[in-house]
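No experiment lies behind these values; they were computed from the predicted model shown. Residue numbers begin at 1 in each chain, while the letters A, B, ... track the order of the sequences.
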Number of protein chains: 2
Amino acid sequence: MKKVTINSVASHAGVSKKTVSRVLNNEPNVSAATREKVLAVFKELDYTPNPIARGLAQNRSFIIGCLYDNPSKSYITRVQTGALEACKENNYNLLIHPCEFRGEALINNIEQLLQTSRLDGIVLTPPFGDFAKLVSFLKSKKIPYARVASALLQDDSISVRSNDEQGAFEITEHLINLGHKSIAFIKGHPDHSATQQRFKGYRRSLASHGIEFDERLVEEGNFSYHSGVDSARSILDLSPRPTAVFASNDYMAAAVLKLATQRQLKVPDDISIAGFDNAPIARHIWPGLTTIAQPVEEMTKQAVTQLISHIAQPQEQPYQVTLESRLITRESTSAIK
Amino acid sequence: MKKVTINSVASHAGVSKKTVSRVLNNEPNVSAATREKVLAVFKELDYTPNPIARGLAQNRSFIIGCLYDNPSKSYITRVQTGALEACKENNYNLLIHPCEFRGEALINNIEQLLQTSRLDGIVLTPPFGDFAKLVSFLKSKKIPYARVASALLQDDSISVRSNDEQGAFEITEHLINLGHKSIAFIKGHPDHSATQQRFKGYRRSLASHGIEFDERLVEEGNFSYHSGVDSARSILDLSPRPTAVFASNDYMAAAVLKLATQRQLKVPDDISIAGFDNAPIARHIWPGLTTIAQPVEEMTKQAVTQLISHIAQPQEQPYQVTLESRLITRESTSAIK
DNA sequence: TGACATTATGACACCGGTGTCAGGAATTTA
DNA sequence: TAAATTCCTGACACCGGTGTCATAATGTCA
């Protein structure tokens, strides 16, 4: 079976390569008759253009790169799902690039990636979207990029985020409305902007109820399960023990739950636990975790869709959107006795 | 800043394009002096060859596709990790392609994928490696492929698997040695070959201890957490209740644990629970799950490494390897009272 | 109906590499 | 030292598309 190229189509249809190319790209200045003839040959020969040849001619790869370095694997999975949907709709492909966030090597690493892969654009997933050096590097190289779940910036970029501050506020409200006054908090990774946002929401809720903020109730985590275990240990050792714990993500919340259960504490009777993200684990454990559901897939999908349309036709104005998150109550939180 | 191409290198070094190309590809018949001169210019101009141009000339894309459709997200993450390592070492990129396993559309879907992406090869992750139609389709299209964690076949392909039968045997032995005689079993997805293997190992262990196989203790799951909940319900309703449950993966085991805990059963005192895979959840819950650790990353890495070397230079003999798995005991299993 | 604007089409170079082949330089052999 | 062999090197076509520009065909208007 011979390969079907633009040349075979052209000779088959009795027109030039260029005309075939025009039909392929929906360019104007092709007569209706010619267009139909060519389209018929497409079908007859079952022709699909070679994306590599097209890429060479246009200096494009039709590939989007997805950068990540996240302790939460499920978060990555969700990001990928959203990105893939957007790629699929636009005939793009997704290249995944896990990459150490820390260290000086990052910029070199990315430079290397760009040189070897000729990516058309990059999606920056947390925490990369907040890494100023990287963003300005991409800007200087004129590589289109989109930031997912990062802080808002006054720039010309594509940014899709959710309102973490508000989510944290709402879940803290939920706990306070259940009668809790002593609510421990586990922070996320300091380099993630979500960490500050969630902490702010927690404090705003406390303040709005006149509950004094107590620094001893705050632990430094980094979004990993392991860090949750360490934080949980400190919190459960406090005396008096707080009646509730709000962890900045579900993995850390799950760690608190595990440790509490290990120590014979009943959740939520002895202590309420809340998380953030609505990761799968939140409903896979008992009791299920009260948490904030974030539209991670949708955020990423929108970001990538915008990125691709920006690549095709650079936009003047920035695309900056904030999506809503919502409270999901499960069994891990209850009214104080 | 002008783009650095093979032409600029050539004129800079005072040699022809072709000679530069020879140096690039480590071809013979280049004098040491010329080679050094060209290499120096590479450094001086910071040259990296354009993979798209190279791909066009050689009809290669330097991209491997990873096919998956798996209820266990963590499994996918691990597969990706292994595949990425292999790609990185060989300057390949990984394209991920989630794809419904069921349905007639599969072959069309893959055909579409191949036409639009010009993949150099495909990794088939469970259950795709066991789907005969797909395998023979790829063979007929002469697309190199590698099968991960699939049943052994008498063919010329690349296949890396682990010994699931032996793993299931060992974990069942573990339970029997703890004194359990009534051990329920939750099967995996019927289309995964691992499902049969694990079931076989379970039965072999029973048989080797003269424990009669009891069909009422076997439930049909499909590897998803949800299916585990359904199976757990049936098992916990049995009377007399089995003293142990061996679920074919950790998600289903976690579901059993959740339901048991919900019903006020103490694990492992009232009932022991064992899983399979050593997924993250196995250590994120309390009690931690006794399970079988599989080298998923390593399997995939080996498969992709072989695949890439096969693409570069088609091998005569098949590469068929079986890696060892190992028992990990945690708190969810204990001696019968 | 002739002058001019517009539309349709193809020839050809180009994107940045690799494959083929011919011919000159260097080395070995007689 | 001449002939034969091997080693280097470059010219050129090619991979399968797209961009530029000239020209042919058609349409519009006076």
Side-chain angles (χ1 to χ4, degrees), chain A residues 1-39 41-42 45-63 91 114-118 120 311-313, chain B residues 1-39 41-42 45-63 91 114-118 120 311-313:
Chain A
M1 192 190 78
K2 193 132 179 8
K3 254 182 299 181
V4 180
T5 74
I6 200 172
N7 289 301
S8 27
V9 174
S11 65
H12 224 83
V15 299
S16 72
K17 281 169 76 169
K18 183 61 210 184
T19 300
V20 177
S21 170
R22 287 195 181 93
V23 174
L24 261 182
N25 296 285
N26 274 314
E27 284 175 32
N29 300 340
V30 179
S31 73
T34 309
R35 190 178 297 273
E36 296 224 346
K37 190 169 54 182
V38 173
L39 287 172
V41 176
F42 282 176
L45 301 185
D46 194 20
Y47 170 70
T48 19
N50 181 331
I52 298 185
R54 185 184 281 200
L56 178 60
Q58 300 188 142
N59 196 24
R60 298 172 61 181
S61 62
F62 298 91
I63 295 178
N91 287 314
L114 292 172
Q115 282 179 337
T116 60
S117 315
R118 310 281 154 154
D120 287 353
I311 291 164
Q313 190 162 28
Chain B
M1 192 190 77
K2 192 126 178 8
K3 255 181 302 181
V4 179
T5 74
I6 199 171
N7 288 300
S8 26
V9 173
S11 64
H12 224 83
V15 299
S16 72
K17 281 168 76 168
K18 182 60 209 185
T19 298
V20 178
S21 169
R22 287 195 182 93
V23 174
L24 261 182
N25 296 285
N26 273 312
E27 284 175 33
N29 298 340
V30 179
S31 72
T34 311
R35 192 179 295 272
E36 295 224 348
K37 189 168 54 180
V38 173
L39 287 172
V41 177
F42 282 176
L45 302 184
D46 194 19
Y47 169 71
T48 19
N50 181 332
I52 298 185
R54 185 183 280 198
L56 178 60
Q58 301 188 140
N59 197 25
R60 299 172 60 179
S61 62
F62 298 91
I63 296 178
N91 287 314
L114 292 171
Q115 282 179 337
T116 61
S117 315
R118 310 278 155 155
D120 287 353
I311 290 165
Q313 190 160 27

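Considering only side-chain N and O atoms, T19(A) lies under 4.0 angstrom from the phosphate OP1 or OP2 of dG10(C). Considering only side-chain N and O atoms, S21(B) lies under 4.0 angstrom from the phosphate OP1 or OP2 of dT18(C).
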Short N/O separations, protein against nucleotides 12-14 of chain C, under 3.5 angstrom:
none

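Using a 4.5 Å heavy-atom threshold, the side chains of R22(B) and T19(B) count as touching. Counting only heavy atoms from C-beta outward, the side chains of I63(B) and I63(A) approach each other to under 4.5 Å.
With rounding to whole Å, K3(A) atom NZ is found 4 Å from dG16(D) atom P. Between R60(B) atom CZ and dT18(C) atom P the separation is 11 Å, expressed in whole Å. The distance from atom CD1 of I6(A) to atom C1' of dG10(C) is 13 Å, rounded to the nearest whole Å. Atom CD in Q58(A) sits about 6 Å away from atom C1' in dT18(D), given to the nearest Å.
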Would you mind writing out the side-chain donor-acceptor pairs for residues 45-52 of chain A within the sub-3.5 Å range, not counting sequence neighbours?
| from | atom 1 | to | atom 2 | distance (Å) |
| --- | --- | --- | --- | --- |
| N50(A) | OD1 | I52(A) | N | 2.7 |
| N50(A) | OD1 | A53(A) | N | 3.3 |

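With sequence neighbours excluded, no residue forms a side-chain contact (heavy atoms from CB on, under 4.5 Å) with S11(A). For the side-chain contact (heavy atoms from CB on, under 4.5 Å) test, residues two or more places apart in sequence or in another chain that qualify with S21(B) are I6(B), K18(B), N25(B). When the side-chain contact (heavy atoms from CB on, under 4.5 Å) test is applied to N26(B), the partners found at least two apart in sequence or on another chain are R35(B).
Note on V20(B): nothing from the nucleic acid sits closer than 4.0 angstrom, heavy atoms only.
With rounding to the nearest 0.5 Å, the separation of CG in N59(A) from NZ in K3(B) is 4.0 Å. Rounding to the nearest 0.5 Å places OG of S16(B) at 10.5 Å from CG of N7(B).
Judged by distance alone with a 3.5 Å cut-off, a donor-acceptor contact links the side chain of R22(A) to the base of dG10(C).
Sorted by residue number, the members of residues 27-39 of chain A with any non-hydrogen atom under 4.0 Å from DNA chain C read N29(A), V30(A), S31(A), T34(A).
The residue among N25(A) and G14(B) whose nearest nucleotide of DNA chain D lies closer to the 5′ end is G14(B).
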